[in-house]
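Quick note on labels: first sequence line is chain A, next is B, and so on, each numbered from 1.
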Amino acid sequence: MRSFSILFDAIVFGTILLALYAVFMYVPGERQMGAVQRIFYFHVPAAMTAFLAYAFVFIASIQYLRTKEVRWDMVARISAELGVLFSIIVLMTGPLWAKPIWGVYWRWEPRLTSMLITFTMYVAYLMLRSYSTSSQEGTSRIAAVMGIIAFINVPFVYFSVQLWAPEQQLHPRSVELEPQMVHARYICTVAVMIFFLYLLKRRLEQEKFALRLERLRTLIGNPS
Amino acid sequence: MSFAADSITILQKDLRIEWRRKERLTPMVFFVLLVLLVFNFSFELGGPSVRNIGAGVLWSAFVFASLLGLNRTFAVERHNDTMDALRLAPVSGASLFAGKVAGNFLFLAAVELIGLPIFALFFNLAPGLYLLPLGVVLFLGSICLAAVGTFFAAVSDQSRLQDLMLPLLVIPVVVPALISCVEATDLVLAQSGLAMGTFKWVPGLWRHMQMLVVYAVVFMTISLMLFDYVIEE
């Protein structure tokens with residue numbers, strides 16, 4: 001188990017180094033946009049990873065309601081935290097890229113708007129957990145319900161925002177990329193997703209320790 | 001008892017409480033009036049502005065007022081310690097939910113029926129047949145708001161923040177429906193220049209109404225499925 005853990009750490013470190021090399025050394029500069037276009041290699045993978053994390057929340061929430069096993073609840077909560085984290089990365093790298101290209105930091109453009117609305121749903125999910133008065137089990141159950149509803153709402157958000165302002169669409173629907181750019185995009189997507197799994201794994205370990213500590217404390221009669 | 005009969009019993013109970021205490025409808029209607037009053041200071045209400053900002057103002061007033069009323073859905077049970085009685089009652093969670101949604105829908109519809117003339121008065125909106133589709137939009141929008149709102153009222157009731165938590169949960173989730181409500185209302189109000197007796201169907205309305213129907217059906221279904229988990233103790 002321990003050697004697997006070290007191997008995984010090494011893989012994460014390696015892929016991130018490889019991704020950085022690909023973005024800053026391997027890929028040619030974009031002709032029109034210049035250096036700022038390199039944000040793309042973090043921006044798009046972060047967006048994909050955020051939705052991967054939200055899908056994790058959805059699946060773990062369903063599993064929790066079915067099995068009532070604490071570990072599913074942990075996976076749901078940590079995935080939501082990480083989903084929000086990666087959404088923040090998307091929402092911050094977006095404006096940095098948008099300013100030189102679109103001329104403004106923010107446009108109420110369909111994809112940007114949907115990302116923001118999705119982000120607010122999962123922040124609400126985390127707040128629901130923090131401010132709950134229910135027991136541990138009750139909190140997990142209510143949160144699981146919200147985790148399911150939020151994910152089902154994602155396609156609605158996308159569709160309705162398209163309906164609202166289709167003429168505002170600024171994100172390209174498909175892009176022609178140089179072969180090197182395609183390679184770099186794949187490497188970065190894999191690197192960011194592996195990084196997400198790494199963070200998930202570490203947070204899970206941390207939570208398990210916290211749970212064990214709590215049990216030990218109850219055992220010796222010191223519940224603080 | 002059947003699902004429908006149970007739901008109607010719950011609805012009757014809530015309506016009776018409201019009839020005796022009048023603690024939901026009156027504050028909600030008054031709140032709509034206050035929101036319109038406040039908007040008046042930021043925007044020039046009346047005249048052509050109804051076509052630019054009317055839909056946004058109208059729906060902001062309705063959504064805020066509805067959140068006020070939705071908060072009472074389960075708070076009234078908590079204050080009277082009757083939530084356990086409802087859990088023990090031989091009714092399913094789904095019929096409890098359906099009854100509460102029906103109640104909230106009626107309150108919202110009443111607020112809209114009273115609020116719309118006030119809005120029309122402040123905006124100098126001429127009455128006419130062109131407003132007919134607005135009725136459908138308000139009907140569908142209220143169903144969506146009542147379904148999502150009732151569900152999250154039960155959820156936020158288990159939060160320390162209670163009243164504060166409800167808007168944080170409802171607004172992001174209901175945004176897709178709200179967008180269609182505002183856009184459709186916008187399309188209707190854009191015709192306010194028409195003569196009183198003329199009616200013209202706006203083609204764009206159809207898409208928004210479809211969106212609202214799909215949203216309402218999907219959310220009612222999911223909520224009915226998940227509501228038992230929310231009230232479980």
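- Taking B:Pro172, B:Ala154, B:Ser156 one by one and counting their heavy-atom pairs under 4.5 Å with chain A, the maximum is reached by B:Pro172.
- Considering only heavy-atom pairs separated by less than 4.5 Å from chain B, the leading option among A:Met127, A:Arg141, A:Met121 is A:Arg141.
- No other option in A:Leu116, A:Ile142, A:Thr139 has as many heavy-atom pairs under 4.5 Å with chain B as A:Ile142.
- Note: B:Val155 leads B:Val148, B:Val155, B:Leu164 in heavy-atom pairs under 4.5 Å with chain A.
- Here the side chains of B:Met211 and A:Ser160 are in contact, with some heavy-atom distance below 4.5 Å.
- Annotation: the span from B:Arg207 atom CZ to A:Leu163 atom CG amounts to 4.5 Å, rounded to 0.5 Å.
- At a threshold of 4.5 Å between non-hydrogen side-chain atoms, the residues A:Ile152 and B:Ile222 count as touching.
- Taking the side chain as every heavy atom from C-beta outward, B:Phe151 and A:Val145 approach each other to under 4.5 Å.
- For the pair B:Tyr215/A:Asn153, a side-chain contact is recorded, criterion being any heavy-atom separation below 4.5 Å from C-beta on.
- At least one side-chain heavy atom of A:Leu128 sits less than 4.5 Å from a side-chain heavy atom of B:Met165.
- Shown here is A:Glu214, whose CD atom has no more than 12 heavy atoms of other residues, nucleotides or ligands within 6.0 Å.
- Between A:Met146 and B:Leu169, some side-chain heavy-atom pair lies under the 4.5 Å cut-off.
- Summarising the local packing, CZ of B:Phe139 is surrounded by 12 or fewer heavy atoms from other residues, nucleotides or ligands at distances under 6.0 Å.
- Residue A:Phe42 qualifies as enclosed at atom CZ: its count of foreign heavy atoms under 6.0 Å is above 12.
- Both the backbone and the side chain of B:Leu161 come within contact range of chain A, with heavy atoms under 4.5 Å apart.
- A heavy-atom distance below 4.5 Å is found between the side chains of B:Val218 and A:Phe156.
- For the pair B:Ser159 (side chain) and A:Tyr131 (backbone), a donor-acceptor distance under 3.5 Å is present.
- Ranked by heavy-atom pairs shorter than 4.5 Å toward chain A, the options B:Val230, B:Val175, B:Val173, B:Val182 are led by B:Val173.
- A:Tyr158 OH: more than 12 foreign heavy atoms inside a 6.0 Å radius.
- Interface residue A:Ser130: only backbone heavy atoms are found under 4.5 Å from chain B.
- One distance of note links OG1 of A:Thr133 with CD of B:Gln158; it measures 6.5 Å at 0.5 Å rounding.
- The local environment of CH2 in B:Trp206 is sparse, with at most 12 non-hydrogen atoms from other residues, nucleotides or ligands closer than 6.0 Å.
- Side chains of A:Ile149 and B:Leu226 form a contact here, defined as non-hydrogen atoms less than 4.5 Å apart.
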